[in-house]
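Some notes on the structure that comes next.
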Protein chains: 2
Amino acid sequence: MSQTAIHEKLRLAGLRPTRQRLALAGLLFGSGDRHVSAESLHAEALKARAGVSLATVYNTLNQFTQAGLLREVAIEGARSYFDTNVSNHIHFFLEDEERLVDIPVADLDIKGLPQAPSGREISRIDVIIRLAPVKA
Amino acid sequence: MSQTAIHEKLRLAGLRPTRQRLALAGLLFGSGDRHVSAESLHAEALKARAGVSLATVYNTLNQFTQAGLLREVAIEGARSYFDTNVSNHIHFFLEDEERLVDIPVADLDIKGLPQAPSGREISRIDVIIRLAPVKA
DNA sequence: TTACATGCAAACTGTTTGCAAATAT
DNA sequence: ATATTTGCAAACAGTTTGCATGTAA
């Protein structure tokens, strides 16, 4: 994704293209789909010599999520992950590496879902397939 | 579930039936399926005049989970939930009430699941259907 | 020029832990 | 008698926030 496209992406989301946001968006959306934690993105930003504080990384991730640019994925064990792929898909979670992997949901077919209780509607379905190393 | 059954349940799990564990197990397994947080279980224990510290509630929930008596459910937003239903099922999550509801998976049928990467096997599949109130 | 964004450090939440006292076997 | 468990308070991790400073429009 080009610099201009990133600029435009932020503008569309109603977020001012500040130096920090551009840097973080560059890291997030510059290459393919990614899964980051606040900590890991902050580390990357430091390595890239983008002066960005951890607090700003948190704020930015939350703003991006709220704007629909990211999707949050909850995993047991405190740490939150943010996924740059906001299209319809589910996840493998590699328990040994604590890492998420996207699964395209194209040919996934869930049948027999019960109806949402009245007055409520489905806002999202989260599916996480947890994988453990095969025991020797 | 009777007192004796609870006693036996702990014994089978290799956990000494201390006063605190019996009290917490009584609350957890005494009636039907439940979803508790450490905080909520602690509050219940206090109300029931069982002298149990919050630290012990945490430790006990973890021990019970490790013993397979409980299942942990991760939801975005820090707080962990523990489910007394350890059979195969999935969850509704009522976003407005921050509450979990079990869905029996009897007639649920998931097709087209991709294969686990080699060297790994599925240890669990978590499905959470998030529900929001219908906008007026 | 003004409303919004940033950085720092301090606050906060949920959870874990070290250790002395208590308890189950 | 001895190994385990408990409770407290302190430590801890991840995350959020207040406020002075900096920056985009």
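Numbers restart at 1 for each chain; the letters A, B, ... are given by sequence-line order, proteins then strands.
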- request: Mind grabbing the angle between the end helix axes of the helix from dT1(C)-dA25(D) to dT25(C)-dA1(D)? Five pairs an end, 10° rounding.
  value: 30°
task: Quick one: label S80(B) by what it contacts on the DNA or RNA (base, sugar-phosphate, nothing), any heavy atom closer than 4.0 Å.
output: sugar-phosphate
message: Can you pull out the residues from residues 4-27 of chain A that lie within a 4.0 Å heavy-atom distance of DNA chain D?
response: R16(A), P17(A)
query: Taking atom types as modelled, is there a side-chain donor on E72(B) or T65(B) under 3.5 Å from an acceptor on the other?
result: no
message: If only side-chain N and O atoms count, and only distance matters, is there a donor-acceptor pair under 3.5 Å linking N85(A) with H35(A)?
response: no
message: At less than 4.0 Å, is any side-chain N or O atom of T56(B) found next to OP1 or OP2 of dG7(D)? Yes or no.
response: yes
message: Hydrophobic clusters here meaning ILVMFWY residues chained together by side-chain heavy-atom distances under 4.5 Å, can you tell me if L69(A) and V36(A) are in one?
response: yes
- prompt: Do any side-chain nitrogens or oxygens of N62(A) fall under 4.0 Å of OP1 or OP2 in dT16(D)?
  reply: yes
field: N/O (side chain, Y58(A)) to phosphate O (OP1/OP2, dT15(D)) under 4.0 Å
entry: yes
- prompt: Between H91(B) and D126(B), do the side chains contain an N or O donor and an N or O acceptor separated by less than 3.5 Å?
  reply: no
- request: Write down the atom of G68(B), the atom of V86(B), and the distance for their closest heavy-atom approach.
  value: O-CG1, 3.6 Å
- request: Measure from CG on N59(A) to P on dG14(D) and round the result to the nearest Å.
  value: 17 Å
task: Figure out the CZ/P separation between R79(A) and dT16(C), and round it to whole Å.
output: 14 Å
Matching residue for R130(A) among E97(A), E98(A), E76(A) - test: salt bridge (Lys or Arg N to Asp or Glu O under 4.0 Å): E76(A)
task: Look up atom CZ in F82(B) and atom CG in L70(B), then write down how far apart they are to the nearest 0.5 Å.
output: 7.0 Å
- request: Search all heavy atoms of A38(B) against all heavy atoms of L54(B) and return the closest pair with its distance.
  value: O-CD1, 4.2 Å
task: For I75(B) and dT15(D), give me the distance from atom CD1 to atom P, rounded to whole Å.
output: 16 Å
task: Starting from P on dT15(D), measure out to CD on E76(B) and report it in whole angstrom.
output: 12 Å
task: Give the cluster check for V73(B) versus F64(B): same hydrophobic cluster or not, with ILVMFWY residues linked at side-chain heavy-atom distances below 4.5 Å.
output: no
- prompt: Is there a donor in the side chain of E95(A) and an acceptor in the side chain of S123(B), or the other way round, less than 3.5 Å apart?
  reply: yes
query: Which atom names give the shortest non-hydrogen contact between L131(A) and P117(B), and what distance separates them?
result: CD1-CD, 3.3 Å
- line: Contact check, residues 40-55 of chain B vs DNA chain C, heavy-atom distance under 4.0 Å, returns A55(B)
